[in-house]
2 protein chains.
Amino acid sequence: MVRYEHPPISAVSARDVFQALSDPIRLEIVRRLARRGAQNCAELSDARPRSTMSHHFKVLRDAGVVRTLAQGTEHINSLRGDELESRFPGIVAMILDENEERPKADAAALVR
Amino acid sequence: MVRYEHPPISAVSARDVFQALSDPIRLEIVRRLARRGAQNCAELSDARPRSTMSHHFKVLRDAGVVRTLAQGTEHINSLRGDELESRFPGIVAMILDENEERPKADAAALVR
DNA sequence: GTTGTATTTCGAAAATAATCGAACAATGTA
DNA sequence: TACATTGTTCGATTATTTTCGAAATACAAC
């Protein structure tokens with residue numbers, strides 16, 4: 001039985017969370033978990049190699065963002081949403097970022 | 001006169017902010033700005049080479065986290081705190097992360 | 001036990017990011 | 001004008017991260 005380590009939420013640092021969420025694939029994983037709830041690794045992998053995804057899940061786990069639970073042969077991932085939100089209020093909304101501008105072409109606009 | 005570009009806050013993405021704050025030096029810069037207000041580049045540089053710091057300021061500016069204003073020969077940096085906070089409520093507290101556990105040795109504690 | 005499915009670990013290659021010296025630019029002052 | 005100060009840009013080096021195939025592990029069903 002694979003036993004995953006998950007840091008207690010109090011030990012999770014902002015830095016680790018920022019770092020975990022700075023990768024586009026990981027951010028997408030987390031957004032899906034936030035929107036559609038727990039999913040196994042395969043469901044979240046699109047066409048990417050398993051070893052790649054396994055690495056990303058590990059980064060997310062170690063950062064305290066995601067919890068992985070082995071259920072028979074599949075491992076289901078879930079966002080540690082309530083815990084994260086109590087540790088860093090607002091973080092879940094930021095992850096979802098509903099207000100994100102699309103397309104971001106005009107990011108080039110000059111200000112000052 | 002150097003003219004810095006700053007993206008409008010509406011064009012700032014969560015991803016870019018996460019990425020900008022994922023570096024320990026940049027996070028430290030931002031924490032100092034949040035705590036002690038605007039400062040010029042030199043004050044924030046500790047003993048690091050200017051070219052290195054210049055790079056970090058650029059990343060922070062491009063991500064929409066910091067604003068740089070040329071004032072004579074020095075360039076003063078400030079956190080875009082209110083703007084960031086309205087775009088991503090809670091982000092400033094997360095940056096400051098007052099509840100951060102120190103030391104984080106016990107992060108190794110096993111849960112589940 | 002063998003097979004099949006799901007996932008991790010290992011190790012190496014490729015991509016990305018950080019670092020930093022040297023040269024350059026802008027400003028203020030003598 | 002010359003000089004000192006502050007910070008940027010360029011280019012090369014190093015360090016870190018991501019990617020991914022191959023081999024290994026765990027479990028469930030036959």
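The sequence lines fix the lettering, A, B, ..., with proteins before strands; numbering per chain opens at 1. It should be emphasised that the depicted structure is a prediction, and the values quoted were computed from it without experimental measurement.
Residues passing the side-chain contact (heavy atoms from CB on, under 4.5 Å) test with Thr73(A): none are found, sequence neighbours excluded.
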Please enumerate all protein N or O atoms sitting under 3.5 Å from an N or O of nucleotides 18-23 of chain D, with distances to 0.1 Å.
| residue | atom | partner | partner atom | Å |
| --- | --- | --- | --- | --- |
| dT18(D) | OP1 | Arg26(A) | NH1 | 3.3 |
| dT18(D) | OP1 | Arg26(A) | NH2 | 2.8 |
| dT18(D) | OP2 | Arg26(A) | NH1 | 3.3 |
| dT18(D) | OP2 | His55(A) | NE2 | 3.3 |
| dT19(D) | OP2 | His56(A) | NE2 | 2.5 |
| dG21(D) | N7 | Ser51(A) | OG | 3.1 |
| dG21(D) | O6 | Ser51(A) | OG | 3.0 |

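Leu79(A) has its side chain within reach of Val30(A): a pair of non-hydrogen atoms, C-beta onward, lies under 4.5 Å apart.
No hydrogens or angles considered: a donor-acceptor pair under 3.5 Å links the side chains of Thr68(B) and Arg61(B).
Ile29(B) and Val59(B) fall into different hydrophobic clusters, where Ile, Leu, Val, Met, Phe, Trp and Tyr side chains are chained together by heavy-atom contacts under 4.5 Å.
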If a protein heavy atom is under 4.0 Å from the base, mark B; if only from the sugar-phosphate, S; if neither, -; do that for nucleotides 1-6 of chain D going 5' to 3'.
-> ----BB
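As rounded to whole Å, 12 Å separates atom P of dT8(D) from atom CG of Leu60(B).
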Side chains of residues 17-24 of chain A: which donor-acceptor partners sit under 3.5 Å, not counting sequence neighbours?
| residue | atom | partner | partner atom | Å |
| --- | --- | --- | --- | --- |
| Ser22(A) | OG | Gln19(A) | O | 2.7 |
| Asp23(A) | OD2 | Ile25(A) | N | 2.9 |
| Asp23(A) | OD2 | Arg26(A) | N | 3.1 |

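Helix-axis bend for the helix from dG1(C)-dC30(D) to dA30(C)-dT1(D): the local axis fitted to the five terminal pairs at one end deviates from that at the other end by 20°, rounded to 10°.
Minimum heavy-atom separation, Ile91(B) to Glu85(B): N-OE1, 3.6 Å.
Checked against a 6.0 Å centroid threshold, the rings of His75(B) and Tyr4(B) count as neighbours.
Look at Tyr4(A) and you'll find a side-chain N or O under 4.0 angstrom from OP1 or OP2 of dT8(C).
Contacts classified as side-chain hydrogen bond (donor to acceptor under 3.5 Å, both in side chains) and involving residues 37-49 of chain A (residues at least two apart or in different chains) are given here: Arg32(A)-Asp46(A), Asn40(A)-Glu74(A).
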